Amino acid sequence: FPVAPEAEDEGKTLELVESYLQSFYDLQKDPHPHLRSGSENPLTAKLKEMQSFFGLQVTGKPDLDTLEVMKKPRCGVPDVER
Amino acid sequence: YVFTPGNPKWKRNDLTYRILNYTPKMRRADVDEAVRKALSVWSNVTPLTFQKVQDKEADIMISFAYRDHRDNSPFDGPNGQLAHAFQPGEGIGGDVHLDEEEAWTKGERGYNLFIVLAHELGHSLGLSHSNDPGALMYPTYSYTDPNEFLLPQDDIDGIQAIYGQSNAAVQPTGPITPEACDPNLTFDSITTLRGEMFFFKGRYMLRKHPGRTETELSFISLFWPRLPSGIQAAYENVETDEILIFKEDKYWVVRGYDVLPGYPKPIYRLGFPKTVKRVNAAYNDETTGKTYFFVADRYWRYDEKEKSMDRGYPRKIVSDFGNIGRVDAAFQKDGYVYFFHGTTQFQFDPRAKRIVRRMKSTSWFNC
């Protein structure tokens, strides 16, 4: 059944965010994405780290300003130690 | 600035480099020049030297590569990741890889090879990414005219902390990234633009949207790559939806993101005498359609409809605007004119013909 455009966008957004944080902020691929752990979502923690580095509002959410930075052409070296 | 974790550095100052291959998108000579210039960015501020070698292993091997090129860091095609480099060390250490699928150029189109190389060489020498938005070692690409490029102070401090100062008698210094609430902040020029305010400083602009509290810092080149840094005067002609930009004896006309063709033109086309070499500040009075140009201690008045300077000018600034001294920048908003002189700002009421308030230069930034 066709995916609703918004849901499709969300999928793409999540894909962009995950790929960016894995490339530059050492986000580990989550082997058990279906399991929920009590601690903060690693992706949220890494997103906050990236937002802090770029002087963005630290929301932990992929807001517009954050996505705009993630889409900018950049150096392939990570921003944090791998 | 940030050191690469573990503080790796080259144990020698006399390093070698080699260009392993060339992109077909640029002339070989332009690639050589971009590499040479990028290396000099770092050798100019440290004791480091770089010697080009052929047909043997060099400390820094520079190459263009495609997608997976066997270093666990595959490239991702056009845009995205442009290049990467390895920290100082044997073998792959110090090497620079450039994504061959990028549009490499020596100008403002595509990605300027010199700018990207200079950044990557920072990694080759032991620097990591800086979170200073004006630093060369900031992770995202931003174009600067290579002829105007100056290594920012943040990067100079970083590389000299690793390798020491340059052997030059006079230590080089670099531009500092402006901060909106710096009490000592002064401006090169200011203009309104479609309800927003643009404060120009060096190669930067601080953009203030009346509806938002925060101030956005970006490079002038982000919007207008063809404009110079160090804009000396600017004003908005609301009637034509254009801003006019002045530097030295030239001016540009900008509409939206576009610098109109045929510019820059000499300021003398506007009617300035040849004795005028630059314009310090300008503002347009939307109600009268007159533009005021401030040069040293005098000012001219230009009729935008007649497209000529009014008679009887120049006049002395002090005689019509009071003791505001030399004007660095000016703009009109809501019927008042705001004059900037150093860190002081004067609010002038053209109806009452007097200064009605005195503020700090940073008063617009909600500090």
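In what follows, every chain begins at residue 1, and chains take the letters A, B, ... in the order their sequences are listed. As the structure is a prediction and not an experimental result, all values here were calculated from the model.
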Quick check on [X] against chain A: is it the side chain, the backbone, both or neither that has a heavy atom closer than 4.5 Å?
| X | answer |
| --- | --- |
| B/Tyr111 | side chain |
| B/Glu120 | side chain |
| B/Tyr138 | side chain |
| B/Ser130 | backbone |

Minimum-distance pair of heavy atoms, taken over all atoms of B/Arg212 and A/Asp65: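 The pair with the smallest heavy-atom distance is NH2-OD2, 4.0 Å.
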Selection from B/Phe86, B/Phe75, B/Tyr141 maximising heavy-atom pairs under 4.5 Å formed with chain A: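 Among B/Phe86, B/Phe75, B/Tyr141, the one with the most close pairs to chain A is B/Tyr141.
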Mark yes when over 12 heavy atoms from residues, nucleotides or ligands other than [X] sit less than 6.0 Å from its [atom1]; otherwise mark no.
| X | atom1 | value |
| --- | --- | --- |
| B/Glu179 | CD | no |
| A/Gln57 | CD | no |
| B/Lys106 | NZ | no |

Value rounded to 0.5 Å, distance of CG in B/Asp76 from OG in A/Ser23: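 OG of A/Ser23 is found 8.0 Å from CG of B/Asp76.
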A/Phe53 CZ to B/His129 NE2 distance, which is reported to the nearest 0.5 Å: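 Answer rounded to 0.5 Å: 7.0 Å.
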Any side-chain heavy-atom pair of B/Glu102 and A/Pro73 under 4.5 Å: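 No, their side chains stay 4.5 Å or more apart.
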